[in-house]
Visitor: 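Pasting in a structure now, in structure tokens, and then I'll have a few things to ask.
Atom set for the values below is all heavy atoms of this structure, side chains included, hydrogens, waters and symmetry mates excluded.
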Amino acid sequence: MPQLINIGQGLLRINTTKNTIEYSQTGGRSWVTRCNSTSYGTFIDLLQVGREILACTRKGLYVSQNDGRSFSPRCTNTSSYGDFLNLQENGNELLANTTKGLYYSRNEGRSWVTR
């Protein structure tokens with residue numbers, strides 16, 4: 001479960017103790033809070049896909065288009081897919097491991113099909 005990813009010249013991580021997204025431009029020697037909203041639920045996993053950052057949370061899948069400063073719902077239908085646990089890129093599709101099994105998406109995580 002990547003809780004730390006490279007973005008541009010810096011690092012982005014999930015601080016699991018504070019449930020925040022933090023950013024470092026010093027190779028991880030110091031961190032600043034980039035996102036601390038509780039409205040997304042508990043952050044679990046991060047994945048950069050092109051210019052977007054996808055975040056698995058306890059409330060579903062969220063997307064950031066501003067390097068993790070804020071997130072918007074991408075797929076919050078946890079009753080159908082279960083809780084998102086982690087994501088992985090697989091060529092032209094995304095794979096999601098959820099509490100209801102393995103799913104794939106070919107539309108950047110907007111909808112999912114069981115594998």
Side-chain angles (χ1 to χ4, degrees):
M1 290 192 213
Q3 295 179 348
L4 175 76
I5 59 174
N6 290 306
I7 60 166
Q9 299 295 315
L11 298 169
L12 198 67
R13 77 173 180 183
I14 299 171
N15 181 323
T16 56
T17 304
K18 297 178 182 177
N19 190 40
T20 59
I21 300 295
E22 297 178 336
Y23 180 72
S24 174
Q25 288 183 304
T26 61
R29 289 184 291 282
S30 62
W31 296 89
V32 294
T33 299
R34 186 154 273 191
C35 178
N36 63 0
S37 175
T38 58
S39 64
Y40 309 121
T42 303
F43 287 101
I44 301 166
D45 188 34
L46 297 173
L47 178 67
Q48 185 168 14
V49 179
R51 298 185 62 102
E52 297 181 329
I53 296 169
L54 297 176
C56 292
T57 79
R58 292 281 182 233
K59 291 186 176 182
L61 185 64
Y62 286 78
V63 62
S64 174
Q65 297 176 336
N66 58 11
D67 294 331
R69 289 176 182 86
S70 63
F71 289 83
S72 302
R74 174 62 53 96
C75 181
T76 56
N77 189 353
T78 57
S79 62
S80 293
Y81 308 118
D83 293 334
F84 286 86
L85 303 173
N86 58 40
L87 298 170
Q88 183 173 338
E89 256 187 306
N90 184 32
N92 65 344
E93 63 188 18
L94 295 176
L95 298 175
N97 186 31
T98 77
T99 54
K100 290 190 176 183
L102 180 64
Y103 288 82
Y104 72 93
S105 172
R106 293 193 176 138
N107 60 5
E108 295 83 32
R110 290 173 179 83
S111 63
W112 296 88
V113 178
T114 189
R115 174 79 25 118

Visitor: Can you measure from CG (Leu12) to CD1 (Ile5) and round to the nearest 0.5 angstrom?
Guide: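 If I round to the nearest 0.5 Å, the distance is 5.0 Å.
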Visitor: Please name the pair of heavy atoms, one in Cys75 and one in Phe84, separated by the smallest distance, quoted to 0.1 Å.
Guide: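 So the minimum-distance heavy-atom pair works out to O-CE1, 3.9 Å.
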Visitor: Using the salt bridge (Lys or Arg N to Asp or Glu O under 4.0 Å) rule, collect all pairs that involve residues 55-65, keeping only residues at least two apart or in two chains.
Guide: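 Residue pairs passing salt bridge (Lys or Arg N to Asp or Glu O under 4.0 Å), neighbours aside: none found.
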Visitor: If the condition is side-chain contact (heavy atoms from CB on, under 4.5 Å), which residues does Val49 pass it with, not counting sequence neighbours?
Guide: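 Applying side-chain contact (heavy atoms from CB on, under 4.5 Å) to Val49 gives Leu47, Leu54, Glu89, Leu94.
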Visitor: Apply side chain to side chain donor-acceptor pair (under 3.5 Å) to Ser39 and list each qualifying residue two or more places apart in sequence or on a separate chain.
Guide: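 Only Ser37 meet the side chain to side chain donor-acceptor pair (under 3.5 Å) criterion with Ser39.
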Visitor: Which heavy atom of Asn6 sits nearest a heavy atom of Leu11, and at what distance?
Guide: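 Closest approach of Asn6 to Leu11: OD1-CD2, 2.8 Å.
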Visitor: Taking all non-hydrogen atoms of both residues, which atom of Gly82 and which atom of Thr98 are closest, and how far apart?
Guide: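 Looking at all heavy atoms of both residues, the shortest contact is C-CB, 4.4 Å.
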Visitor: Mind checking what makes side chain to side chain donor-acceptor pair (under 3.5 Å) contact with Asn90, not counting sequence neighbours?
Guide: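 Asn90: side chain to side chain donor-acceptor pair (under 3.5 Å) contacts with Glu93.
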Visitor: First locate atom OH of Tyr103, then atom CG of Leu87, and finally report the distance between them rounded to the nearest 0.5 Å.
Guide: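 Atom-to-atom, Tyr103:OH and Leu87:CG are 14.0 Å apart.
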Visitor: Could you tell me whether a side-chain N or O of Ser105 sits under 3.5 Å from a main-chain N or O of Ser111, the two making a donor and an acceptor?
Guide: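 Checked: pair present.
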Visitor: Restricting to pairs with a member in residues 4-32, which pass salt bridge (Lys or Arg N to Asp or Glu O under 4.0 Å), not counting sequence neighbours?
Guide: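 Matches after skipping sequence neighbours: Arg13-Glu22.
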Visitor: Can you see which heavy atom on Ser24 is nearest to which on Gly28, and at what distance?
Guide: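 Minimum heavy-atom separation between Ser24 and Gly28: OG-N, 2.9 Å.
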Visitor: List for me each residue that meets side-chain contact (heavy atoms from CB on, under 4.5 Å) alongside Thr17, sequence neighbours excluded, and say none if there are none.
Guide: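 Partners of Thr17 under the side-chain contact (heavy atoms from CB on, under 4.5 Å) test: Asn15.
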Visitor: Drop me the distance from Gln25's CD to Trp31's CH2, to the nearest 0.5 angstrom.
Guide: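 Reported to 0.5 Å precision, the distance equals 11.0 Å.
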Visitor: Using the side-chain contact (heavy atoms from CB on, under 4.5 Å) criterion, which residues pair with Glu108? Sequence neighbours excluded.
Guide: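 side-chain contact (heavy atoms from CB on, under 4.5 Å) check on Glu108 returns Glu52, Arg74, Arg110.
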Visitor: For Leu102, check side-chain contact (heavy atoms from CB on, under 4.5 Å) against everything at least two apart and list the hits.
Guide: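 If we apply the side-chain contact (heavy atoms from CB on, under 4.5 Å) test to Leu102, skipping adjacent residues, the hits are Leu95, Arg115.
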Visitor: By side chain to side chain donor-acceptor pair (under 3.5 Å), which residues pair with Thr16, not counting sequence neighbours?
Guide: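 Not a single residue meets the side chain to side chain donor-acceptor pair (under 3.5 Å) criterion with Thr16.
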Visitor: Return the CD1 to CD1 distance between Ile53 and Ile21, rounded to the nearest 0.5 Å.
Guide: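 The distance works out to 8.5 Å.
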Visitor: Closest approach of Tyr104 and Thr114, non-hydrogen atoms and distance?
Guide: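 Closest pair (atom of Tyr104, atom of Thr114, distance): CE2-O, 4.0 Å.
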Visitor: Please, which pairs that meet ring-ring contact (aromatic ring centres under 6.0 Å, His included) have at least one residue in residues 48-69, sequence neighbours excluded?
Guide: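 Non-adjacent pairs meeting ring-ring contact (aromatic ring centres under 6.0 Å, His included): Tyr40-Tyr62.
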Visitor: Output the distance between atom CG (Asn66) and atom CZ (Arg34), rounded to the nearest 0.5 Å.
Guide: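 Separation between the atoms: 8.0 Å.
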Visitor: The criterion is side chain to side chain donor-acceptor pair (under 3.5 Å); which residues satisfy it with Ser80, sequence neighbours excluded?
Guide: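 With sequence neighbours excluded, Ser80 shows a side chain to side chain donor-acceptor pair (under 3.5 Å) to Asn77, given in chain and number order.
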Visitor: Considering only heavy atoms from C-beta outward, does the side chain of Leu61 approach that of Tyr81 to under 4.5 Å?
Guide: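 Answer no - side chains too far apart.
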Visitor: Got a donor-acceptor contact below 3.5 angstrom from the Asn19 side chain to the Gly41 backbone?
Guide: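 It does hold such a pair.
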Visitor: Of the non-hydrogen atoms in Arg69 and Cys35, which two are nearest, and what is the gap between them?
Guide: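 Between these two residues, the closest heavy atoms are O-CB, 3.6 Å.
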Visitor: Any side-chain heavy atom of Asp45 sitting closer than 4.5 Å to one from Leu85?
Guide: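 SC-SC contact between Asp45 and Leu85 ruled out.
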